[in-house]
Enquirer: 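Pasting a structure below so you can have a look.
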2 protein chains.
Amino acid sequence: MATHTEFQEALLHKLSDSGLRSTPQREVVFKVMLQKRDHPTADEVFARVKSAMPSISLATVYNCLDTLVSCGLIRQVNFERGPTRYCPNLHPHAHFHDLQTGSTHDIDLPPGLIDQVKTILPEGYDASSVEIIFRGKTSFAAASAILPATGQN
Amino acid sequence: MATHTEFQEALLHKLSDSGLRSTPQREVVFKVMLQKRDHPTADEVFARVKSAMPSISLATVYNCLDTLVSCGLIRQVNFERGPTRYCPNLHPHAHFHDLQTGSTHDIDLPPGLIDQVKTILPEGYDASSVEIIFRGKTSFAAASAILPATGQN
DNA sequence: TCATATAATTAGAATAGTTCTAATTCCTTC
DNA sequence: GAAGGAATTAGAACTATTCTAATTATATGA
């Protein structure tokens, strides 16, 4: 049997690509991000991580999340004035922000769409990333929309 | 000659559509937004407005900007963890965020693009707005890139 | 193996941006 | 011109994030 899980391998690999170490804190933050596939804030990640590692500090959670973002293992999203949210989905996707429930949904992007959208850029603009954010309402989540919106995801 | 300028008419009209009053503060904030067509923060708007109306408060600037956003006279943009920026360009456009200079450029959208992008949404998603953000570098602004990046726009 | 250097973590202070509160002023309408 | 509601104001409060300085962990290489 393997001494490392698959996710640990991926983590180690991506980290060392950037000359960074794999640490217990980075591992647990990454694990927590993969477990519940929503869009938590740093505070929410902190709360989840604490049960597995009570000694971890909020500053470290910020550090780890920033590290994971910078080596491409997770993404960062911002909606309006809310706190930064983190996203473990690495497939090319857009975000749909449900204005009624506050929740966020990933929308898979068909291959080629990003490149196609990039063609609208005039000469001299070289985009390394394209982010697409939809805002609106959903018609399938009627049940959950009744709930008092405990938090976002 | 007209008793009101064109922009005041537009302001008055949009405001009263939402049951709101046109006030000197709202007028001056709107005017300032139209004068320099960049993407200022609330603080920057506050600074610009102060010369015309020294008694205005920062809270009022926030209030006015929110009001203008909610009646569709300006737009709001957020990049990463930076402060909210406000945009007077009402034509359908995307934003290009220059990672080297920190500046923001408006990118005109060809008609139909937004609708086309909306077609990727699965059943049940009803988007009232679509935001597109590019990030990357530009090759034409070599001169300004040398400057020590005093602020963003 | 041990010393050294560097990287990472930590707690808590500090900061920045924004919102809230309560009091005041300004309009609008009777 | 009085009453009621809307808008503004100053400053306090709040939240998210970053910074600082000290500590701990890890890797390297003598």
Side-chain angles (χ1 to χ4, degrees), chain A residues 4 8 11-12 14-30 32 39-50 52-71 73-74 76-86 102 151-152, chain B residues 8 11-12 14-30 32 39-50 52-71 73-74 76-86 102 150-152:
Chain A
H4 297 97
Q8 281 174 318
L11 179 64
L12 200 76
K14 284 272 193 179
L15 284 171
S16 58
D17 278 359
S18 313
L20 300 164
R21 292 178 190 161
S22 181
T23 68
Q25 288 84 353
R26 286 171 182 171
E27 276 180 30
V28 71
V29 167
F30 187 42
V32 151
H39 300 83
T41 64
D43 260 320
E44 286 162 358
V45 174
F46 182 46
R48 292 177 198 176
V49 159
K50 259 192 163 165
M53 184 184 276
S55 66
I56 201 169
S57 78
L58 177 58
T60 299
V61 170
Y62 271 101
N63 289 342
C64 290
L65 288 169
D66 283 351
T67 301
L68 295 177
V69 168
S70 71
C71 62
L73 286 161
I74 61 176
Q76 209 179 57
V77 236
N78 286 84
F79 299 113
E80 279 80 43
R81 290 174 184 168
T84 299
R85 290 171 179 282
Y86 298 87
Q152 304 188 300
Chain B
Q8 281 174 318
L11 179 65
L12 201 75
K14 284 272 193 177
L15 285 170
S16 58
D17 278 0
S18 312
L20 300 165
R21 293 178 189 159
S22 181
T23 68
Q25 288 84 351
R26 287 172 180 169
E27 277 180 31
V28 71
V29 167
F30 188 42
V32 152
H39 299 83
T41 64
D43 261 321
E44 286 163 357
V45 174
F46 182 46
R48 292 177 198 177
V49 158
K50 260 193 162 166
M53 184 184 277
S55 67
I56 200 169
S57 77
L58 178 58
T60 299
V61 170
Y62 272 100
N63 290 342
C64 290
L65 288 170
D66 284 350
T67 301
L68 295 177
V69 167
S70 72
C71 63
L73 286 162
I74 61 177
Q76 210 179 56
V77 238
N78 285 84
F79 299 112
E80 280 80 42
R81 291 174 183 168
T84 298
R85 290 171 178 280
Y86 299 87
T150 55
Q152 306 187 301

Enquirer: Mind checking side-chain hydrogen bond (donor to acceptor under 3.5 Å, both in side chains) for B:Arg81 and listing every partner two or more places apart, or none if nothing turns up?
Expert: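 Only A:Asp66, A:Thr84, A:Tyr86 meet the side-chain hydrogen bond (donor to acceptor under 3.5 Å, both in side chains) criterion with B:Arg81.
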Enquirer: Could you tell me whether the phosphate oxygens of C:dG17, OP1 or OP2, come under 4.0 Å of any side-chain nitrogen or oxygen in A:Arg81?
Expert: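 No, A:Arg81 has no side-chain N/O under 4.0 Å of OP1/OP2 on C:dG17.
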Enquirer: The side chain of A:Asp66 lies closest to which of these nucleotides: C:dT9, C:dA11, D:dT18?
Expert: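 The listed nucleotide nearest to A:Asp66's side chain is D:dT18.
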Enquirer: Measuring to OP1 and OP2 of D:dA16, would you say a side-chain N or O of A:Thr41 lies under 4.0 angstrom away?
Expert: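 False: A:Thr41 side-chain N/O out of range (4.0 Å or more) of D:dA16 OP1/OP2.
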Enquirer: Counting only side-chain N and O atoms of A:Gln25, is one of them less than 4.0 Å from OP1 or OP2 of C:dT10?
Expert: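 Indeed, a polar side-chain atom of A:Gln25 lies that close.
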Enquirer: Please give, in whole Å, the distance from D:dT18 C1' to B:Glu80 CD?
Expert: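 Roughly 16 Å, once rounded to whole Å.
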Enquirer: Whole angstroms only, please: what is the CG-C1' distance between A:Leu65 and C:dA8?
Expert: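 Distance, rounded to whole Å: 15 Å.
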Enquirer: Counting distance only, does the side-chain N/O of A:Asn78 pair as donor-acceptor with the main-chain N or O of B:Phe79 below 3.5 Å?
Expert: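 No, A:Asn78 side chain to B:Phe79 backbone: no donor-acceptor pair under 3.5 Å.
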Enquirer: Rounded to whole Å, how long is the line connecting atom CD of B:Gln76 with atom P of C:dG17?
Expert: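 Taking CD of B:Gln76 and P of C:dG17, I get 15 Å after rounding.
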Enquirer: Can you tell me the distance, in whole Å, between the CG atom of A:Leu15 and the C1' atom of D:dA27?
Expert: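 To the nearest whole Å, that distance equals 16 Å.
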Enquirer: Search all heavy atoms of B:Val61 against all heavy atoms of B:Phe46 and return the closest pair with its distance.
Expert: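 Residues B:Val61 and B:Phe46, closest heavy atoms: CG2-CD1, 3.7 Å.
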Enquirer: Do B:Thr67 and B:Leu15 touch side chain to side chain, with heavy atoms closer than 4.5 Å?
Expert: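 Yes, their side chains come closer than 4.5 Å.
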Enquirer: Please confirm whether the shortest side-chain N or O distance from A:Thr60 to OP1 or OP2 of C:dT10 is below 4.0 Å.
Expert: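 Yes, within the criterion.
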Enquirer: If you compare every side-chain N and O of A:Ser55 against the phosphate oxygens of C:dT9 (OP1, OP2), does one of them come in below 4.0 Å?
Expert: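 The answer is no; no side-chain N or O of A:Ser55 sits under 4.0 Å from OP1 or OP2.
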Enquirer: For the atom pair OG (B:Ser22) and NZ (B:Lys14), what is the distance rounded to the nearest 0.5 Å?
Expert: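 NZ of B:Lys14 is found 14.5 Å from OG of B:Ser22.
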Enquirer: What integer distance in Å separates B:Asp43:CG from C:dT18:C1'?
Expert: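 Whole-Å distance recorded here is 10 Å.
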Enquirer: For A:Asn63, report the nucleic acid contact type (base, sugar-phosphate, nothing); a contact means any heavy atom under 4.0 Å.
Expert: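 Base, at least one base atom sits under 4.0 Å.
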Enquirer: Of the candidate nucleotides C:dG17, D:dT17, D:dT8, which contains the atom at the shortest distance from the side chain of A:Thr84?
Expert: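 Side chain of A:Thr84 sits closest to D:dT17.
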Enquirer: For the atom pair SG (A:Cys64) and CD1 (A:Ile74), what is the distance rounded to the nearest 0.5 Å?
Expert: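 So the SG of A:Cys64 and the CD1 of A:Ile74 are separated by 9.5 Å.
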Enquirer: Side chain of A:Thr23 only, please: which of C:dT9, D:dT17, C:dT18 is the nearest?
Expert: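 Looking only at heavy atoms from C-beta outward on A:Thr23, the closest nucleotide is C:dT9.
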Enquirer: Does the side chain of B:Arg26 reach to within under 4.5 Å of the side chain of B:Leu20, using non-hydrogen atoms?
Expert: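 Yes, their side chains come closer than 4.5 Å.
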Enquirer: Looking at the side chain of B:Tyr62, which of D:dT8, C:dT10, C:dG17 is the nearest nucleotide?
Expert: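 Among the listed nucleotides, the one closest to the side chain of B:Tyr62 is C:dG17.
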Enquirer: Calculate the interatomic distance between A:Arg26 atom CZ and D:dT24 atom C1'; express it in whole Å.
Expert: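 Rounded to the whole Å, the gap is 14 Å.
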Enquirer: Let me have a per-nucleotide readout for nucleotides 21-30 of chain C, 5' to 3', with B, S or -, counting only protein heavy atoms under 4.0 Å.
Expert: ------S---
Enquirer: Looking across every strand, which nucleic acid part, if any, lies under 4.0 Å from B:Leu20 by heavy atom: base, sugar-phosphate, or nothing?
Expert: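 Sugar-phosphate: the residue B:Leu20, judged by heavy atoms under 4.0 Å, touches backbone atoms but no base.
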Enquirer: Heavy-atom distance under 4.5 Å between the side chains of A:Leu11 and A:Leu68, does that happen here?
Expert: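 SC-SC contact between A:Leu11 and A:Leu68 confirmed.
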Enquirer: Roughly, in whole Å, what's the span from CG in B:Leu58 to P in D:dA13?
Expert: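 Result: 17 Å.
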Enquirer: Starting at CZ of B:Phe46 and ending at P of C:dT18, how long is that distance when rounded to a whole Å?
Expert: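 So the CZ-P distance, B:Phe46 to C:dT18, works out to 14 Å.
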